[in-house]
Asker: 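I'd like to ask you about the structure that follows.
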Amino acid sequence: MAYPHTDIEKKWQKYWEENKTFRTPDAIDPAQPKFYVLDMFPYPSGAGLHVGHPEGYTATDIQARYKRMKGFNVLHPMGYDSFGLPAEQYAIKTGEHPRKITYENIATFRRQLKMLGFSYDWDREIATTDEEYVRWTQWIFLQIFKRGLAYESELPVNWSPDLCAVLANEEVEEWRAKGFSVERRSMRQWVLKITEYAERLLADLDGLDWPESIKEMQRNWIGKSEGAEVDFAIGGETIRVFTTRPDTLFGATYMVLAPEHPLVAQIATPEQAEAVAAYRAAAAGKSDLERTELAKEKTGVFTGAYATNPVNGQQIPIWVADYVLWGYGTGAIMAVPAHDTRDFEFATKFDLPIIQVVQPPEGVDWHGFIDDGVAVNSGEYDGLPTAEVKKRITAWLEKTGQGAGKTNYKLRDWLFSRQRFWGEPFPLLHCEKCGVVPVPEKDLPVRLPEMKDYRPTADGQPPLARATDWLQATCPVCGGPARRETNTMPQWAGSCWYYLRYIDPKNDAALVAPAKEKYWMPVNLYVGGAEHAVLHLLYARFWHKVLFDCGVVSTKEPFQKLVNQGMILGEMEYLAYRDAAGAWVSAERVDENGCDLRTGEKYVPAHVPEADLQKQGDGFVLKNQPDVRVSARAFKMSKSRGNVINPDDIVKEYGADSLRLYEMFMGPLTQVKPWSMKGVEGVSRFLSRVYRLAVDDETGQPSPKLADGEPTKDQLRALHAAIKKVTGDIERMDYNVAISAMMIFVNEAQAWEQLPRSLLSTFVLILSPFAPHLAEELWNRLGHDGSLVREPWPAWNEAYLKEDEIEIPVQVNGKVRGRIRVAAEAGQDTVIAAALACAEAAPFFAGKEIKKQIYVPKRMVNLVVAG
RNA sequence: GGACGGGUGGCGAAAUUGGCAGACGCGCCAGACUUAGGAUCUGGUUCCGCAAGGAUUAGGGGUUCGAGUCCCCUCCCGUCCA
């Protein structure tokens, strides 16, 4: 029978709330070690908490509770990333202020988070939409602005005249498919100079305890490449290109300009002008994504013009092609078809000359060889390795004034403005006389106006342009009339610095008090989904570095250790398909949309009960029709698939402790794993067994097995083995294994006639980070007062773990053939003698020459015999 | 195409350094208790074989007394980049 989890959980949540059990004191004792453990705060969507949220949140809560018991001063806060598009869309539809729905959703999230028993300091709760929070977001923007790191620029955006909205790049396809028109239109935007920090953002990754894959993604995003800029002469002009391979200059047989390159129109010959103009017009209609994406078939047009290759004076044709982007490098490239994949494809298609200049190792074809080798057909550089040629040619370019070494980054400046209502207003004024003027810090926050219509204007101005009264302001410099900035900040702004505000959330004189910042930073552990691996973490690191330069923070990096939780998928689904006549169709003939791979016929998917399945090879087939393969996989949870698990339902039926424990028991935290309702029942049964160790669940009275006596040797060994294992596993965040260790203890404890209270009390302490409600309840029922959250974490005693006699497997030629029992302290000679006397193993070595005897202390014996 | 991560029973998984593969949980099988069991408890459960034994960590090769773990090749899956 399940234990009364609902009563227990309500009782302890109330106790924690009333006693402010998890309050982190404002006053700092610098002598006490600190631990700052942070969750990626949620966007409070209308759908409420998803089971993915408690996965990371439980992982951090276990750390927080463990470190508290280890004597650390723990900061474990929670808040809401509450600006966001859904609330704005809802506001447009209903005419209600997005604030209303946002704070309703926050209330739901808060209720659900409290229901799960996380040990947050709720007095530090923040929402990025709170006016006091917006005030400091705006303040940070002002620091960025004052340091010259923000500028205005006319940039193309995706504007849909039908929708009257600006779309993100990712949204364009979706709306086009629905029949809405989307065009590229230049609009005035605010841009942050993140590129100035590219080198530091790259270099400081090295010292971080982050997953290597995430660091690599950030490195790729920053995209540092070293090479040279080279000038190609054409008439009186020069075309500058960037190349990472100056060593291949002798193999440059043509050039390519981006369609937007200003020289294109100028150099195109009269015969080619028309074709070039048509090509440019076509390219203008394509998004960056379409141009860089796959672009299997290269397109391009000859301009009719020629440039001079500086190394050999050769005239090479100049082409226009959209695989060269105006945004990257100089918007022009020198093409070396012999040693660049895209240039090779292009040259092959348009029949341009291909000249080898790098000799690959023996047996490798030089056509399209892009790695390092030895220079050939390169004049005086022939025979030199690639790296050396790079150096020498760069030096020669510099000496002759035709180029220079140059480092390039893929990272672009950050388009920081949105044409939306529900975001932080920029604290900026446009004055006719003084230009752009920052709002004085004392006038922050700049609040959003009250409005009824949240749509952009028909000509694409942001919604705030409709707030005619709000727009009027006075220039703080000249006192003349000024107009407020109507763009707002993107959702990223609030999430770039929230970890700092938790440290000092109520401070109205500063973003964070320096002494507190110094004590708490950096964040020791940051847990969240990998979907934020690039942008959020890069933006937050950028702001942090700016704040470091301003002297607001004392660390170069905000997040010392980062862990990405893996996604939780829906339950495993066994799917087979039926055709129109109802006959089964084997899964390998069906694509992911349920259509036949060859005929395109639409099939009806059907779930097959597990009992009707049979394993065959890598997959499953129908038991009574083995030629029909059944697909077995778990899908991402989604409303349309109907496989979403609601945490509320789980808590209601099994309790918060079961949900927490299950999500930690599913598998390694960082791994993708499918949900299993049966698995939830399994851990729930475990918790019931723990409950019954202490409580007779017929009567609700203490279990008659509980005793006051001293524990036996076996009992101490079982307990201390669990303490040791669980402690190490928590340190490594191997929670699934920690839980199995506790299960092993409980399985043993169940069989004991007598269970000393002291023993069970200690066990309850190690269980408490995982299942805090049940642990508190049992702690009390075992005779302790108050909460256990600041009880010292139990230490294990190695002496209890020592066994007098151990079992050692005897291998013959690497195969286990028998087992011997020897004294734990026995030496090699004794153990080998015992192994040679082992009756089970003897038939495998008796009468044969023993060539080698290997003893791995306390692990195994291996006898190597001839033949 | 490239980079990174991964592939272990029917399923989720475990295996700190190269040292008893499959801990723990689910499922399944059997038994006990029971008016009843979708409760609880006990035992069994990688595969083949009556057994002795053999095979087995995606597949193939290598290093080693010994490989899930190290090296090489191939295949498959996931994520990101192109």
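Each chain gets a letter, A, B and so on, in the order the sequences are listed, and its residues count up from 1. None of the values given here were measured: they were computed from a predicted structure.
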Asker: Checking contacts here: which listed nucleotide (C11(B), C41(B), G19(B)) is nearest the side-chain heavy atoms of V856(A)?
Answerer: G19(B)

Asker: Would you call E571(A) and K678(A) a salt bridge, using N to O less than 4.0 angstrom?
Answerer: no

Asker: From the list C24(B), C81(B), U17(B), which nucleotide is the closest neighbour of the side chain of I744(A)?
Answerer: C24(B)

Asker: Nearest to the side chain of P674(A), heavy atoms from C-beta on, is which of C65(B), C20(B), G12(B)?
Answerer: G12(B)

Asker: Take atom CH2 in W221(A); do more than 12 heavy atoms of anything else shown fall under 6.0 Å from it?
Answerer: no

Asker: For a quick check, tell me whether the side chain of R685(A) and the base of U40(B) share a donor-acceptor pair closer than 3.5 Å.
Answerer: no

Asker: Rounded to whole Å, how long is the line connecting atom CD of E345(A) with atom P of G1(B)?
Answerer: 12 Å

Asker: Salt bridge or not for R732(A) and D734(A), using N-O below 4.0 Å?
Answerer: yes

Asker: Atom NZ of K215(A) and atom C1' of G5(B): how far apart are they, to the nearest Å?
Answerer: 16 Å

Asker: Under 4.0 Å, counting only non-hydrogen atoms across every strand here, what does N862(A) touch: a base, just sugar-phosphate, or nothing?
Answerer: base

Asker: If you compare every side-chain N and O of Q750(A) against the phosphate oxygens of C41(B) (OP1, OP2), does one of them come in below 4.0 Å?
Answerer: yes

Asker: Does G12(B) have OP1 or OP2 sitting under 4.0 Å from an N or O in the side chain of N736(A)?
Answerer: no

Asker: Phosphate oxygens OP1/OP2 of C26(B): is one of them under 4.0 Å from a side-chain N or O of K678(A)?
Answerer: no

Asker: Starting from the 5' end of RNA chain B, give me the residue, E807(A) or R732(A), whose nearest nucleotide shows up first.
Answerer: R732(A)

Asker: With rounding to the closest Å, how many angstrom separate the C1' atoms on G60(B) and C29(B)?
Answerer: 37 Å

Asker: Which whole-number value in Å describes the distance from K725(A) NZ to U16(B) P?
Answerer: 9 Å

Asker: Do NZ/NE/NH1/NH2 and the carboxylate oxygens of E698(A) and R692(A) come within less than 4.0 Å?
Answerer: no

Asker: Counting N and O atoms only, with roles assigned by atom type, does the side chain of S586(A) sit under 3.5 Å from a partner on the main chain of R629(A), one being a donor and the other an acceptor?
Answerer: yes

Asker: Verify the ring-centre separation between W210(A) and Y526(A): is it less than 6.0 angstrom?
Answerer: no

Asker: For the side chain of M743(A), starting at C-beta, report the closest nucleotide among G27(B), G25(B), G19(B).
Answerer: G25(B)

Asker: Find the distance L687(A):CG to G25(B):C1' and express it as a whole number of Å.
Answerer: 13 Å

Asker: Counting only non-hydrogen atoms, which of residues 818-836 of chain A are less than 4.0 Å from RNA chain B?
Answerer: R819(A)

Asker: Pick out which of V726(A), V683(A), D657(A) makes a side chain to side chain contact (heavy atoms under 4.5 Å, CB included) with F770(A).
Answerer: V726(A)

Asker: Compute whether any side-chain donor of one residue and acceptor of the other, for W793(A) and T727(A), lie under 3.5 angstrom apart.
Answerer: yes

Asker: Say we look at A51(B) and U45(B): how far apart would their P atoms be, to the nearest angstrom?
Answerer: 13 Å

Asker: For U63(B) versus C72(B), give the span between their C1' atoms, rounded off to a whole number of Å.
Answerer: 11 Å

Asker: So, are E212(A) and R219(A) salt-bridged, with charged N and O less than 4.0 Å apart?
Answerer: yes

Asker: In whole Å, what separates the C1' atom of A21(B) from that of C4(B)?
Answerer: 28 Å

Asker: Would you write the dot-bracket representation of RNA chain B, where each base gets (, ), [, ], | or . depending on whether it forms a Watson-Crick or G-U pair under 3.5 Å and with which partner?
Answerer: (((((((..(((......[....)))((((((.......))))))(((....)))..(((((..]....)))))))))))).

Asker: Just how far, in rounded Å, is C1' of C11(B) from CD of E573(A)?
Answerer: 15 Å

Asker: The side chain of K673(A) lies closest to which of these nucleotides: C41(B), C24(B), A13(B)?
Answerer: A13(B)

Asker: Using whole Å, what does the distance between atom P of nucleotide G66(B) and atom NZ of K851(A) come to?
Answerer: 10 Å

Asker: Got a sec? Which of residues 658-672 of chain A come in under 4.0 Å of RNA chain B, heavy atoms?
Answerer: F665(A), M666(A), P668(A), Q671(A), V672(A)

Asker: Under 6.0 Å from the six-membered ring centre of F635(A) and within 45° of its axis: does the NZ or CZ of R633(A) meet both?
Answerer: yes

Asker: Would you measure the distance from the P atom in C41(B) across to the matching atom in G6(B) and give it in whole Å?
Answerer: 37 Å

Asker: Counting the atoms with a prime plus P, OP1 and OP2 as sugar-phosphate, which does M572(A) contact under 4.0 Å by heavy atoms, base, sugar-phosphate, or nothing?
Answerer: sugar-phosphate

Asker: Whether the side chain of Y662(A) engages the backbone of S676(A) through a donor-acceptor N/O pair (distance < 3.5 Å, no angle test) should be reported.
Answerer: yes

Asker: Counting heavy atoms from C-beta on, name the nucleotide in C24(B), G12(B), A21(B) closest to the side chain of N747(A).
Answerer: C24(B)

Asker: Between Y735(A) and E663(A), do the side chains contain an N or O donor and an N or O acceptor separated by less than 3.5 Å?
Answerer: no

Asker: In whole angstrom, give the distance that lies between atom CZ of R692(A) and atom P of U40(B).
Answerer: 6 Å

Asker: Would you say the side-chain atoms of H720(A) pair up with the backbone N or O of N797(A), donor to acceptor, closer than 3.5 Å?
Answerer: yes

Asker: Quick one: label F620(A) by what it contacts on the DNA or RNA (base, sugar-phosphate, nothing), any heavy atom closer than 4.0 Å.
Answerer: sugar-phosphate

Asker: Identify each atom pair where a protein N or O and an N or O of nucleotides 29-33 of chain B are less than 3.5 Å apart, giving names and distance.
Answerer:
none

Asker: Is there a donor in the side chain of E798(A) and an acceptor in the side chain of W796(A), or the other way round, less than 3.5 Å apart?
Answerer: yes

Asker: Consider the side chain of V816(A), meaning its heavy atoms from C-beta on, and name the nucleotide among A82(B), A3(B), C20(B) that approaches it most closely.
Answerer: C20(B)

Asker: Taking the C1' atom in each of C48(B) and U42(B), what is the distance between them to the nearest angstrom?
Answerer: 29 Å

Asker: Hey, does the side chain of H339(A) reach the backbone of F369(A) with a donor-acceptor pair shorter than 3.5 angstrom?
Answerer: yes

Asker: Sort me out a list of protein N/O and nucleotides 51-58 of chain B N/O pairs below 3.5 Å, or just none if empty.
Answerer:
unit_1	atom_1	unit_2	atom_2	d
G54(B)	OP1	R817(A)	NH2	3.2
G54(B)	OP2	R817(A)	NH1	3.1
A55(B)	OP2	K815(A)	NZ	3.0

Asker: Syn or anti: how is G59(B) classified when any glycosidic angle within 90° of 0 counts as syn?
Answerer: anti

Asker: Can you tell me, in whole Å, how much space there is between the C1' of U8(B) and that of G43(B)?
Answerer: 26 Å

Asker: I'd like to check the side-chain hydrogen bond (donor to acceptor under 3.5 Å, both in side chains) partners of T699(A); sequence neighbours left out, ordered by chain and number.
Answerer: none

Asker: Between R689(A) and G682(A), which has a closest nucleotide on RNA chain B that is more 5'?
Answerer: G682(A)

Asker: Would you say R817(A)'s side chain and E840(A)'s backbone share a donor-acceptor pair under 3.5 angstrom?
Answerer: no

Asker: Scan S676(A) against the nucleic acid and name what it touches under 4.0 Å (heavy atoms): base, sugar-phosphate only, or nothing.
Answerer: nothing

Asker: Is it the case that the side chains of N408(A) and S225(A) hold a donor-acceptor pair, with the cut-off being a distance below 3.5 Å and no angle test?
Answerer: no

Asker: Rounding to a whole Å, what distance do you find between W221(A):CH2 and G2(B):P?
Answerer: 22 Å

Asker: Does the side chain of Y323(A) pick up a donor-acceptor pair with the side chain of D343(A) at under 3.5 Å?
Answerer: yes

Asker: Could you tell me how far G66(B) sits from A14(B) if I compare only their P atoms? Round to whole Å.
Answerer: 28 Å

